[in-house]
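Lettering follows sequence order; numbering is per chain, from 1.
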Amino acid sequence: MNSLPKIKKIKDIHIPQVSYISIEKIPLYYIVDTKLDLISGYFIFDAGLKQVKKNLHSVLIGLMVAKGGTKNYNAYKISELLDYYGATLNVSITPYNAIFSFSVLKRNFSDFSNLFIEIINNSTFPDDEFEVRVKQLKAKQIERLQDTKYIASKKFTKELLKGTPYGNVIELKDFARIDKGQLFNCYKRLYTKDFLRMYLAGNIDDKIFRILENFNQIKSSNFNFEPLNSFKVKNKKRKFFIKIDSAKQTSLRIGKIVPNNLHPDFHKLAVVIHLLGGTFNSRLMQRLREKEGLTYGVYAHLTSFPELSFLTITAEVNSEEKQKAIDIIYEEIEKLTKIPVTRKELNTCFYDVVNEYLTYYDNPYSTIDTFKSLKELGLQENFYKEFIETFKKIKPEEIIDIANKYLTNDFLEVVVGNE
Amino acid sequence: MTKIAFNRFRLENGLTIIHNFNDQTRFVVVGVLYKVGSKNELVGYTGLAHLLEHLMFTGSKNVKHFDKIISQAGGENNAFTSNDITYYYISLPYQNAEVALFVEADRMQNLLLKNNSINVQKNVVIEEFKQYYLNRPYGDVEHLIRRNLYSIHPYRWPTIGDSIEDIKNITKKEIVEFYNKWYSPDNCIISISGNIDFDTTKKLVEKYFGKVTQRNKEEKNNITQIRDPQTPKCIINVRRKVPQPAIYLACKTTERNSFDYYCLSIISFLLSEADSSILYQNLVRKKKIFSEIGVSLKEHTEQGFIVIGGKYYRDYSPDNVLNCLMENISLIKNISDFELQKVKNKIELYYQTELININNVTELLAYYEYLSDANLINKEIEYIKSISINDILNCFSRYFENNNIFVLNYLPE
């Protein structure tokens, strides 16, 4: 009979080299893959919530630039050309940047990039298109406000990040206060080559570089950001319960502000959070799902912005046993502050993490995606390697220390469900 | 376009193996496709195939803690159940490929079905049901469409199950019978991609799967042979706690493996994929009737279906919206060469991007082999490119110009 083959321990990750050049002062990071006839990547502007200040405004500006129409092409023509080029162009607004992600068949990259330059330089925000987008966003927002998951996440973000540039969540009343002129001016200031970075992967050769030189046609602006007002956030124990009579499940969000990812304790704290709820083998998942059957999934994760990070524990649980689920979450946190983790558990978690990071770098497209995420947060490309090194060396007693230092009793707790 | 090279071989116990070598990755992905899905369940016990998928991670004779072993090998794993198939994958560093084959062979023949695991996983699945189908606006649309579109075929229910009651009804006896009937090597395709050569693959597969016996000799026909009668034209109104009315038109179409399916893919793109599509341009942008609109073409190996619809603003009546929608769907008949080429280019991009990730390649090879031939991974784009305007028009008239359309008016309370 066969027995379990000996497992070879994988303890390191290999980070492929990402190349860099500057095109007319626009940074270009890229990695070549000749297997597919494809160019894929990101054009990123400093036009996120932090820069635009209002969440709804930053989203609307991004949408109008990407899909609204320009001096030379209306919205329909832009979408038709993108399709004809075999291209996708999507915009997502994050708390600190505006990301235009794209993929295009290599043979059409020249046409695609000319169209992108047109979009960035000559968007006009036509009234009709603007009205459609506002109506759509408002309808979606009204729908979300009937979803316990969204209600819980919105309340959690709003309360936890109050007083920071990131605490501005979209409210229905914001739709009555949109000033299109103000948005257009904001677009003119921020969607310029001064605030642009490019991250590309794919079949990049000399011809592609020559095409990219055309990006020097993207306009510049003399705009300078005002320095960000300094802000301090303090954790405070708070509990919110939002009653939704029709809810069939209860949404839980529990968390707190923690040091940002440049802090010397960050990697150690990340180990603790992985143990708590970062993987399928984590304590919360094993206990709440695999032992008690109270949820389909429970996760603990750290979200990072350039100035701060925060912990969120997320679960949708059986309403009849919501208090039991909440108690288990706090119980598991408390155990981390008191009982040393076994070497076996630490090892399982370590290999979970290593595998996750291996996938980040498994192909050129995932590599550039990972590189982009780190770079945009101001982190070095060996960030995950450093984390793995910290993980290898961490001792059970350090885990107790870190848990005591950061996972104490001042959690924000949001519960949304029926009685 | 890039071609994916692969080898195929078969063991005496009926197991089919597809192998694709790729030395650009440090991973090996082992994908295991069982030819069984929710369509093979019985009324009253729906959700069984998906529940068994959960239980496949709760331990087998020689692998007590499945997830932990995969983690220690630096791997990750998951699975999904569809109406037609159940697919498991393990992705792990190439040095540990053998571990994946060992654990998959063990759970193929030695699954432990403990009462406690069954009870816990039933609760987990019930919470999944609530999270995705009950506790979200418009969450029950798929249930309503399937229930009304099919009268006897088991595509009547989604993979999660027809109801929470059905999941509660399932007992250990049904699970064991289902496992014994379907989880047998002759009902399985294993797809192995990544940094592992053919000879090693063959040797390891023979080592771990060669002695797995067919659990029963009866022929396992994944095709139900159930022919659903024509759906008569019918309009159903439901009222739910939602902010906006929605309308969904659905009609039965064809098998995934037919030429018409490719034509329908193009029709779907023309109607709703991207902002330049007919429905988005006319009904969202110009007439501002809908806030969102889409087309979903269900790829089933037996007679599938297509759903067209979305959410519209309260200023419009369901009758007006239905007429508008029908009129605009008919605009497919005016399709130009440019529009057809536009869609073909877009589909070509999707095929290319699917090949980036080794997990996708592994799954596609298994799925295409299940359909008929793994080489569809290379051929499908050629089928798409060969489609003419006439093909589109003929296909359109076959499925859309009859009265067998089901309409779901999903209205606010």
**Message:** Does either side chain, that of A/T148 or that of B/N135, offer a donor lying less than 3.5 Å from an acceptor on the other one?
**Reply:** yes
**Asked** Are A/Q136 and B/E292 close enough that a side-chain donor and a side-chain acceptor fall under 3.5 Å?
**Response** no
**Request:** Can you tell which part of B/F269 gets under 4.5 Å to a heavy atom of chain A, answering side chain, backbone, both or neither?
**Result:** neither
**Part of B/F290 lying under 4.5 Å from any heavy atom of chain A** = neither
**Prompt:** With only heavy atoms counted, which part of A/D128 is less than 4.5 Å from chain B, the side chain, the backbone, both or neither?
**Reply:** both
**Prompt:** Side chain, backbone, both or neither: which part of B/I358 has a non-hydrogen atom closer than 4.5 Å to chain A?
**Reply:** side chain
**Item:** B/N123 vs A/N318 side-chain heavy atoms within contact, under 4.5 Å
**Value:** no
**Message:** Under 4.0 Å between a side-chain nitrogen and a carboxylate oxygen: does that hold for B/K68 and A/E345?
**Reply:** no
**Complete:** Whatever's closer than 4.5 Å to a heavy atom in chain B on A/S40 counts as neither
**Asked** Among A/D352, A/T348, A/N281, A/L82, who wins on heavy-atom pairs under 4.5 Å with chain B?
**Response** A/N281
**Asked** Non-hydrogen atoms of chain A under 4.5 Å away: do they reach the side chain of B/Q95, the backbone, both or neither?
**Response** both
**Request:** Measure distances from A/Y76 to the heavy atoms of chain B and classify the residue's part below 4.5 Å as side chain, backbone, both or neither.
**Result:** both
**Request:** Among A/N355, A/L137, A/T279, single out the residue with the greatest number of heavy-atom pairs under 4.5 Å to chain B.
**Result:** A/N355
**Request:** Compare all side-chain heavy atoms of A/K140 with those of B/K311 and state whether any distance is below 4.5 angstrom.
**Result:** yes
**Asked** Which bit of B/V125 comes within less than 4.5 Å of chain A, counting heavy atoms only: side chain, backbone, both or neither?
**Response** neither
**Asked** Would you say the side-chain atoms of A/N2 pair up with the backbone N or O of B/K207, donor to acceptor, closer than 3.5 Å?
**Response** yes
**Asked** With side chains defined as the heavy atoms from C-beta onward, is the minimum distance between B/N357 and A/Y365 less than 4.5 Å?
**Response** no
**Message:** With salt bridge (Lys or Arg N to Asp or Glu O under 4.0 Å) as the rule and sequence neighbours excluded, what pairs involving residues 74-87 of chain A come up?
**Reply:** A/K77-A/E80, A/D83-B/K346
**Prompt:** Looking at residues at least two apart in the chain, or sitting in another chain, which of them share a side chain to side chain donor-acceptor pair (under 3.5 Å) with A/E290?
**Reply:** B/Q121
**Message:** Given heavy-atom pairs under 4.5 angstrom as the criterion, report whether the side chain, backbone, both or neither of A/S103 touches chain B.
**Reply:** both
**Request:** Could you look at B/Q131 and say if it's the side chain, the backbone, both or neither that has a heavy atom under 4.5 Å from chain A?
**Result:** both
**Fill in**
Counting heavy-atom pairs under 4.5 angstrom with chain B, the leader among A/I78, A/T295, A/I142 is A/T295
**Message:** Would the distance check show the side chain of B/N96 and the main-chain N or O of A/I7 forming a donor-acceptor pair, the cut-off being under 3.5 Å?
**Reply:** no
**Request:** Select one option (side chain, backbone, both, neither) describing which atoms of B/F129 are under 4.5 Å from chain A's heavy atoms.
**Result:** neither
**Message:** Using heavy-atom distances under 4.5 Å, tell me whether B/F57 contacts chain A through its side chain, its backbone, both, or neither.
**Reply:** neither
**Item:** Largest heavy-atom contact set with chain B, pairs under 4.5 Å, which of A/K291, A/K11, A/R144, A/E292
**Value:** A/K291
**Prompt:** In terms of ring plane angle, is the pair B/H54 and A/Y296 parallel, tilted or perpendicular, where the classes change at 30° and 60°?
**Reply:** tilted
**Item:** Spacing of OG belonging to A/S79 relative to OH belonging to B/Y280, to within rounding of 0.5 Å
**Value:** 8.5 Å
